[in-house]
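Quick note: numbers below take in every heavy atom, side chains included, and nothing from hydrogens, waters or symmetry partners. Counting starts at 1 for both ligands and their atoms, following the listed order. The residues of the chain are indexed from 1 along the displayed sequence.
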Amino acid sequence: MPAKTRAFGTDAARNPLAPMEIVRREPGPTDVELEILFCGVCHSDIHQARNEWRNTVYPCVPGHEIVGKVTRVGARVGKVRVGDHAAVGCMVDSCRTCPSCQAGLEQYCHNWATFTYNSPDKHLGGHTFGGYSTQVVVDEAFTLRVPEGLDLAATAPLLCAGITTYSPLRHWKAGPGKKVGVVGLGGLGHLGVRFARAFGAHVVLFTTSESKVADGLRLGAHEVVVSRDKAAMARHAASCDLVLDCVSAQHDINEYLALVKLDGTLCLVGLPEHPLAVQPFSVVLPRRSLAGSGIGGIAETQEMLEFCARHGIVSDIELIPMRQVNEAWERMLRQDVRYRFVIDMASMRG
Ligand code: NAP
Ligand code: ZN
Ligand code: ZN
């Protein structure tokens, strides 16, 4: 029997989030049912719910940074047991047969991964609903084990913000002898700073917010530059091996390309609503690469969680009840988040 589940979502781009009821499937043989304990608030939730990427299907229930407790498992599930803590990130399925899936890069599935929300639902029809809800049913292949010792609420943001910064830093080999710039100290950026520092790189944070300088240093940046300070920006010109652009809004990407050294890379992870204009000279002289990266595969996400457990890395969070989520979104849009809102799903029960 599909189960009615309490959720928060919206039925139009202009409307705030409000309570709604959704349906979760009865767990199949390889499915895991989770009681959701915590769900992080990602800026993608805002872009998606407000149709900024022009592909939203309504009603939209966001949320893809999910940590929960296993309440039921199908007969063939071996990864987790009832009572365990488990997590779900941005994907709940993929084709599993294409070259990307075979390589553990399910996020780049040639047939499109099934994302946690706003993707066609292979089981119930309609589309998928995310973690702003009290429970979820996910195939075990797309669930993650939560290592012992991690604070559960502060772990939730690792499922998107964490893996989205971990993966490109690994891919472009951030480490000793490398200079890494991180642009934007929000949910992604603050974990990007922590990972780049833990990997042994020289880390420079570029922020528009003077009020975040001290936090940038506390989080592990060796240097913090307020991007409005043109002289300070100029001192870092053409010096970074990798710049990770975590900005959610319109910005002049050429100012950040200028930080990249010969044969270095600017990797976009931020996904602002509108196109970014690239001045060709910004990549031509000196020869630079402009790249992008999307979340990370399931195996790499598990690896990231184990890395975090070993190195004591979690997110800085502000725990909120569900009724404050609309206000939290407005604060994120004002760059007023230190550094991830996490919804306490207990506020939806009782
Ligand atoms: P967030 O917490 O709201 O942080 C965004 C940060 O961007 C802000 O804190 C701010 O940092 C900076 N910023 C905002 N407006 C700016 C502007 N006009 N100019 C320069 N900097 C500005 O957002 P998030 O959750 O980290 O997400 C960041 C972006 O990544 C979003 O677009 C999201 O959709 C995207 N994303 C992509 C993936 C992927 O797979 N590629 C995964 C998750 C999220 P300062 O105050 O320090 O300047
Ligand atoms: Zn996200
Ligand atoms: Zn595939």
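Ring to ring, His311 and Phe195 are not that close: their centroids are 6.0 angstrom or more apart. Taking the six-membered ring wherever Trp is involved, the centroid distance between the rings of Phe199 and Phe307 falls below 6.0 Å. Checked against the 6.0 Å centroid threshold, Phe115 and His64 do not count as a close aromatic pair.
No donor-acceptor distance shorter than 3.5 angstrom exists from the side chain of Lys179 to the backbone of Asp241, with no hydrogens or angles considered.
At a 4.0 Å heavy-atom cut-off, ligand 1 touches Cys246 through the backbone alone. At a heavy-atom distance under 4.0 Å, atoms from both the backbone and the side chain of Ser44 approach ligand 1. At a heavy-atom cutoff of 4.0 Å, ligand 1 is contacted by both the backbone and the side chain of Thr207. Contacts between Phe206 and ligand 1 below 4.0 angstrom, taking non-hydrogen atoms only, are absent altogether. Residue Ser227 does not touch ligand 1, judged by heavy-atom distances below 4.0 Å. The side chain of His47, and not its backbone, has at least one atom closer than 4.0 Å to an atom of ligand 1 (non-hydrogen atoms only; side chain from C-beta on).
The closest side-chain donor-acceptor pair between Asp45 and Tyr132 falls under 3.5 angstrom. Counted by atom type alone, Thr56 and Gln48 present one or more donor-acceptor pairs between their side chains at under 3.5 Å.
Of the candidates Val213, Asp252, Leu188, Val269, it is Leu188 that places a heavy atom closest to atom 26 (O) of ligand 1. If you check each of His43, Arg340, Gln335, His190 against atom 10 (C) of ligand 1, the one with the closest non-hydrogen atom is Gln335.
Listed by atom number, the atoms of ligand 1 under 4.0 Å from Ser293 heavy atoms are 39 (C), 40 (O), 41 (N). Close approach of ligand 1 to Lys212 (heavy-atom distance below 4.0 Å) involves ligand atoms 9 (O), 11 (O), 45 (P), 46 (O), 47 (O). Proximity to Trp53 (heavy-atom distance under 4.0 Å) selects the following atoms of ligand 1: 34 (O). The ligand atoms of ligand 1 that sit less than 4.0 angstrom from a heavy atom of Gln250 are 17 (C), 18 (N), 19 (N).
One of the N, O or S atoms belonging to Cys42 lies under 2.8 Å away from the Zn ion (ligand 2). Because the distance cut-off is set at 2.8 Å, Cys160 qualifies as a neighbour of the Zn ion (ligand 2) through one of its N, O or S atoms.
For Gly184, no nitrogen or oxygen atom sits less than 3.5 Å from a nitrogen or oxygen atom of ligand 1, counting backbone and side chain alike. Residue contacts with ligand 1: Gly187 is placed with a nitrogen or oxygen under 3.5 Å of a nitrogen or oxygen of the ligand (distance criterion only). At least one N or O atom of Ile295, backbone or side chain, sits closer than 3.5 Å to an N or O atom of ligand 1. Any N or O atom pair closer than 3.5 Å counts here, and Leu185 shares at least one such pair with ligand 1. At under 3.5 Å, a nitrogen or oxygen of Leu271, whether backbone or side chain, sits near a nitrogen or oxygen of ligand 1. Of the N or O atoms in Val337, none lie within a sub-3.5 Å distance of an N or O in ligand 1.
Rounded to 10°, the angle formed at the Zn ion (ligand 3) by Cys101 SG and Cys109 SG is 100°.
Two residues are said to be in side-chain contact when any heavy atoms from C-beta on lie closer than 4.5 Å; Met332 and Phe341 meet this criterion.
Contact record, Met91 with Ala113: SD-CB, 3.8 Å, taken as the closest heavy-atom pair.
Ion pairing between Arg96 and Asp139 holds under the 4.0 Å rule for side-chain N and carboxylate O.
Between Thr143 and the choices Val138, Leu34, Val136, the side-chain contact (heavy atoms from CB on, under 4.5 Å) rule is met once, by Val138.
With a 6.0 Å radius and a threshold of 12 heavy atoms from other residues, nucleotides or ligands, Trp53 has its CH2 atom above the threshold.
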